[in-house]
A.B. asks: 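Quick one: structure below, then a few questions.
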Amino acid sequence: MKQSIKKSIFVSSLLLAGTLTIVGIGSFAAEKASDSKDAAVERTRQQIKMLDDLYKTVVVLITEHYMKDLSTVPVAATASKALFAEMKKKGWHEVRLLGLTDVLIKQENKPSDEFEQAAAKKLLAGEPAPEEVVEKGGKRYLRVATGIPVVMEKCVMCHANFKGNKGNIGALSYTVPVVE
(Lines give C-alpha, C1' and ligand atoms only; values in the text may rest on other atoms or scores of the structure.)
Protein backbone atom coordinates (compact mmCIF):
# COMPACT_ATOMS: atom_id res chain seq x y z
CA MET A 1 0.00 0.00 0.00
CA LYS A 2 1.36 3.43 -0.90
CA GLN A 3 2.52 5.65 1.97
CA SER A 4 0.01 8.39 1.03
CA ILE A 5 -2.91 5.94 1.19
CA LYS A 6 -1.75 4.63 4.58
CA LYS A 7 -1.42 8.19 5.85
CA SER A 8 -4.88 9.07 4.52
CA ILE A 9 -6.48 6.06 6.24
CA PHE A 10 -4.66 6.86 9.49
CA VAL A 11 -5.73 10.53 9.43
CA SER A 12 -9.31 9.52 8.55
CA SER A 13 -9.33 7.06 11.45
CA LEU A 14 -8.13 9.71 13.88
CA LEU A 15 -10.69 12.22 12.64
CA LEU A 16 -13.52 9.70 12.91
CA ALA A 17 -12.45 8.61 16.39
CA GLY A 18 -12.27 12.25 17.47
CA THR A 19 -15.66 12.98 15.95
CA LEU A 20 -17.20 9.98 17.69
CA THR A 21 -15.79 11.13 21.01
CA ILE A 22 -16.94 14.73 20.50
CA VAL A 23 -20.51 13.76 19.62
CA GLY A 24 -20.58 11.47 22.61
CA ILE A 25 -21.08 8.09 20.93
CA GLY A 26 -18.86 6.41 23.47
CA SER A 27 -19.91 8.54 26.41
CA PHE A 28 -22.03 7.50 29.33
CA ALA A 29 -24.17 10.18 30.87
CA ALA A 30 -25.79 7.89 33.40
CA GLU A 31 -24.04 6.94 36.61
CA LYS A 32 -26.18 5.57 39.36
CA ALA A 33 -25.49 7.13 42.72
CA SER A 34 -25.68 3.71 44.34
CA ASP A 35 -22.80 2.45 42.19
CA SER A 36 -20.69 5.63 42.16
CA LYS A 37 -18.77 4.55 45.31
CA ASP A 38 -18.23 0.97 44.09
CA ALA A 39 -14.67 0.96 42.70
CA ALA A 40 -15.18 -2.40 40.95
CA VAL A 41 -18.26 -1.15 39.10
CA GLU A 42 -16.39 2.05 38.14
CA ARG A 43 -13.48 0.00 36.72
CA THR A 44 -15.95 -2.05 34.72
CA ARG A 45 -17.76 1.10 33.55
CA GLN A 46 -14.43 2.43 32.24
CA GLN A 47 -13.75 -0.87 30.47
CA ILE A 48 -17.15 -0.66 28.76
CA LYS A 49 -16.45 2.92 27.68
CA MET A 50 -13.26 1.75 25.99
CA LEU A 51 -15.02 -1.21 24.34
CA ASP A 52 -17.83 1.06 23.18
CA ASP A 53 -15.41 3.50 21.56
CA LEU A 54 -13.52 0.63 19.93
CA TYR A 55 -16.56 -1.19 18.54
CA LYS A 56 -18.25 1.96 17.25
CA THR A 57 -15.04 3.17 15.62
CA VAL A 58 -14.77 -0.20 13.86
CA VAL A 59 -18.37 0.08 12.60
CA VAL A 60 -17.75 3.59 11.27
CA LEU A 61 -14.46 2.61 9.60
CA ILE A 62 -16.01 -0.47 7.97
CA THR A 63 -18.96 1.60 6.79
CA GLU A 64 -16.75 4.38 5.46
CA HIS A 65 -14.25 2.16 3.65
CA TYR A 66 -16.24 -0.91 2.56
CA MET A 67 -19.87 0.11 2.10
CA LYS A 68 -20.06 1.08 -1.56
CA ASP A 69 -23.66 0.38 -2.50
CA LEU A 70 -26.60 -1.78 -1.49
CA SER A 71 -24.84 -4.93 -2.73
CA THR A 72 -22.41 -4.66 0.22
CA VAL A 73 -25.15 -4.32 2.83
CA PRO A 74 -24.86 -5.09 5.79
CA VAL A 75 -21.06 -5.46 6.01
CA ALA A 76 -20.59 -3.41 9.20
CA ALA A 77 -23.33 -5.19 11.16
CA THR A 78 -22.24 -8.64 10.00
CA ALA A 79 -18.57 -8.04 10.81
CA SER A 80 -19.42 -6.52 14.19
CA LYS A 81 -21.67 -9.41 15.18
CA ALA A 82 -18.93 -11.89 14.23
CA LEU A 83 -16.50 -9.97 16.45
CA PHE A 84 -19.02 -9.88 19.32
CA ALA A 85 -19.56 -13.65 19.01
CA GLU A 86 -15.80 -14.28 19.27
CA MET A 87 -15.51 -12.13 22.41
CA LYS A 88 -18.39 -14.05 24.02
CA LYS A 89 -17.00 -17.44 22.92
CA LYS A 90 -13.64 -16.57 24.51
CA GLY A 91 -15.39 -15.61 27.76
CA TRP A 92 -14.57 -11.89 27.79
CA HIS A 93 -18.01 -10.29 27.71
CA GLU A 94 -21.29 -10.22 25.84
CA VAL A 95 -22.39 -7.45 23.53
CA ARG A 96 -25.45 -7.45 21.31
CA LEU A 97 -26.35 -5.21 18.41
CA LEU A 98 -29.88 -3.89 18.88
CA GLY A 99 -31.99 -2.40 16.15
CA LEU A 100 -34.01 0.58 17.32
CA THR A 101 -35.76 1.32 14.04
CA ASP A 102 -39.30 0.25 13.32
CA VAL A 103 -37.99 -1.87 10.42
CA LEU A 104 -35.50 -4.56 11.47
CA ILE A 105 -33.57 -6.49 8.85
CA LYS A 106 -33.03 -9.33 11.33
CA GLN A 107 -35.40 -10.09 14.21
CA GLU A 108 -32.44 -11.33 16.30
CA ASN A 109 -31.51 -7.63 16.69
CA LYS A 110 -34.78 -6.85 18.49
CA PRO A 111 -34.35 -5.82 22.15
CA SER A 112 -34.96 -9.14 23.90
CA ASP A 113 -35.36 -8.66 27.66
CA GLU A 114 -36.70 -6.01 30.04
CA PHE A 115 -33.35 -4.22 30.29
CA GLU A 116 -32.92 -3.97 26.51
CA GLN A 117 -36.55 -2.94 25.97
CA ALA A 118 -36.29 -0.19 28.59
CA ALA A 119 -32.93 0.88 27.16
CA ALA A 120 -34.41 1.11 23.65
CA LYS A 121 -37.19 3.42 24.87
CA LYS A 122 -34.73 5.67 26.75
CA LEU A 123 -32.21 5.85 23.92
CA LEU A 124 -34.91 6.63 21.34
CA ALA A 125 -36.15 9.41 23.63
CA GLY A 126 -32.62 10.86 23.75
CA GLU A 127 -32.12 9.97 27.40
CA PRO A 128 -28.75 8.87 28.87
CA ALA A 129 -27.47 5.35 28.48
CA PRO A 130 -29.08 3.10 31.07
CA GLU A 131 -27.09 0.67 33.20
CA GLU A 132 -27.64 -1.88 35.95
CA VAL A 133 -25.62 -4.32 38.02
CA VAL A 134 -26.99 -7.88 37.98
CA GLU A 135 -25.86 -11.11 39.59
CA LYS A 136 -25.73 -14.43 37.72
CA GLY A 137 -24.20 -17.58 39.12
CA GLY A 138 -22.70 -15.75 42.10
CA LYS A 139 -20.89 -13.24 39.87
CA ARG A 140 -21.73 -9.57 39.30
CA TYR A 141 -22.16 -8.13 35.81
CA LEU A 142 -22.58 -4.56 34.64
CA ARG A 143 -25.21 -4.13 31.94
CA VAL A 144 -25.05 -1.00 29.85
CA ALA A 145 -26.74 0.04 26.62
CA THR A 146 -25.32 2.79 24.42
CA GLY A 147 -26.96 4.43 21.43
CA ILE A 148 -25.73 4.25 17.86
CA PRO A 149 -26.74 7.46 16.08
CA VAL A 150 -26.68 8.23 12.37
CA VAL A 151 -23.20 9.71 11.94
CA MET A 152 -22.81 9.66 8.14
CA GLU A 153 -24.89 9.53 4.99
CA LYS A 154 -23.98 5.86 4.38
CA CYS A 155 -25.87 4.88 7.56
CA VAL A 156 -29.16 5.36 5.74
CA MET A 157 -28.20 2.81 3.06
CA CYS A 158 -29.44 0.16 5.53
CA HIS A 159 -31.67 2.46 7.57
CA ALA A 160 -33.50 4.41 4.85
CA ASN A 161 -36.34 5.34 7.21
CA PHE A 162 -33.79 7.42 9.19
CA LYS A 163 -32.79 9.67 6.26
CA GLY A 164 -32.42 13.19 7.68
CA ASN A 165 -32.65 11.92 11.28
CA LYS A 166 -29.69 12.25 13.65
CA GLY A 167 -31.22 10.09 16.39
CA ASN A 168 -30.25 6.60 17.51
CA ILE A 169 -30.81 3.91 14.88
CA GLY A 170 -29.43 1.17 17.08
CA ALA A 171 -27.68 0.34 20.32
CA LEU A 172 -25.03 -1.88 21.79
CA SER A 173 -26.16 -3.86 24.83
CA TYR A 174 -23.22 -4.91 27.04
CA THR A 175 -23.09 -7.53 29.79
CA VAL A 176 -19.58 -7.37 31.25
CA PRO A 177 -18.23 -9.17 34.35
CA VAL A 178 -17.54 -6.64 37.10
CA VAL A 179 -13.76 -6.22 37.46
CA GLU A 180 -13.49 -7.10 41.17
Side-chain angles (χ1 to χ4, degrees), residues 16-32 35 44-45 47-67 69-88 92-134 141-176:
L16 281 169
T19 301
L20 291 174
T21 301
I22 290 169
V23 298
I25 289 177
S27 69
F28 292 78
E31 267 189 40
K32 292 185 175 181
D35 293 335
T44 308
R45 189 178 287 126
Q47 182 182 54
I48 293 172
K49 286 180 186 181
M50 180 273 302
L51 290 168
D52 200 54
D53 283 339
L54 172 71
Y55 290 147
K56 289 176 182 171
T57 299
V58 166
V59 169
V60 169
L61 291 173
I62 290 170
T63 301
E64 180 181 49
H65 295 287
Y66 299 102
M67 296 291 292
D69 55 44
L70 288 175
S71 70
T72 59
V73 172
V75 175
T78 301
S80 297
K81 288 166 75 173
L83 176 60
F84 302 159
E86 284 299 309
M87 294 295 100
K88 182 178 180 180
W92 290 110
H93 57 270
E94 183 176 348
V95 58
R96 282 185 13 93
L97 178 64
L98 305 180
L100 299 185
T101 62
D102 55 350
V103 179
L104 294 178
I105 295 171
K106 295 194 174 199
Q107 288 302 305
E108 67 192 42
N109 297 339
K110 184 177 180 178
S112 64
D113 61 17
E114 286 183 36
F115 174 80
E116 290 179 349
Q117 291 165 7
K121 287 178 185 173
K122 286 184 177 189
L123 291 168
L124 283 170
E127 294 179 26
E131 67 176 51
E132 69 180 12
V133 176
V134 296
Y141 293 84
L142 180 59
R143 295 198 68 194
V144 175
T146 63
I148 303 172
V150 174
V151 294
M152 66 176 76
E153 188 61 31
K154 287 184 179 182
C155 294
V156 297
M157 286 172 60
C158 293
H159 307 282
N161 58 332
F162 263 65
K163 189 166 183 72
N165 185 337
K166 296 296 180 190
N168 290 313
I169 57 175
L172 292 179
S173 176
Y174 294 90
T175 304
V176 177

A.B. asks: Tell me if the NZ atom of Lys81 is crowded by more than 12 foreign heavy atoms within 6.0 Å.
C.D. replies: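 More than 12 within 6.0 Å, yes.
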A.B. asks: Taking all atoms of both residues into account, what is the closest heavy-atom pair of Pro128 and Lys122, and its distance?
C.D. replies: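 That closest heavy-atom pairing would be O-CB, 4.5 Å.
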A.B. asks: Do Arg96 side-chain atoms and Phe84 backbone N/O form a donor-acceptor pair below 3.5 Å?
C.D. replies: no
A.B. asks: Nearest 0.5 Å, please: how far is OG1 in Thr44 from CD in Glu131?
C.D. replies: 10.0 Å
A.B. asks: Looking only at heavy atoms, what is the nearest atom pair of Ala145 and Phe115, with distance?
C.D. replies: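 Between these two residues, the closest heavy atoms are N-CZ, 3.9 Å.
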A.B. asks: Applying side-chain contact (heavy atoms from CB on, under 4.5 Å), name anything that partners Gln117, two or more places apart in sequence or on another chain.
C.D. replies: Pro111
A.B. asks: Which one of Val95, Leu142, Leu172 satisfies the side-chain contact (heavy atoms from CB on, under 4.5 Å) criterion with Ile48?
C.D. replies: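 Among Val95, Leu142, Leu172, the one meeting side-chain contact (heavy atoms from CB on, under 4.5 Å) with Ile48 is Leu142.
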A.B. asks: Any salt bridge linking Asp53 with Lys49? Criterion: basic side-chain nitrogen under 4.0 Å from a carboxylate oxygen.
C.D. replies: no
A.B. asks: Sequence neighbours excluded, which residues qualify as side-chain contact (heavy atoms from CB on, under 4.5 Å) partners of Glu114?
C.D. replies: none
A.B. asks: Is there a donor-acceptor pair under 3.5 Å between the side chain of Asn168 and the backbone N or O of Leu123?
C.D. replies: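 Flag set: sc Asn168 to bb Leu123 pair under 3.5 Å.
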A.B. asks: State, with a plain yes or no, whether a side-chain heavy atom of Arg45 is found less than 4.5 Å away from one of Val144.
C.D. replies: no
A.B. asks: Apply side-chain contact (heavy atoms from CB on, under 4.5 Å) to Val176 and Trp92, showing your working.
C.D. replies: CA-CA 8 Å; Val176 177; Trp92 290 110; over 6 Å; no
A.B. asks: Taking side-chain contact (heavy atoms from CB on, under 4.5 Å) as the test, write out the residues that go with Thr175, two or more places apart.
C.D. replies: Glu94, Lys136, Tyr141, Arg143
A.B. asks: So which of Leu97, Leu98, Leu100 actually passes side-chain contact (heavy atoms from CB on, under 4.5 Å) with Ile148?
C.D. replies: Leu97
A.B. asks: Is Ser80 close to Tyr55 at the side-chain level, that is, under 4.5 Å between some pair of heavy atoms?
C.D. replies: no
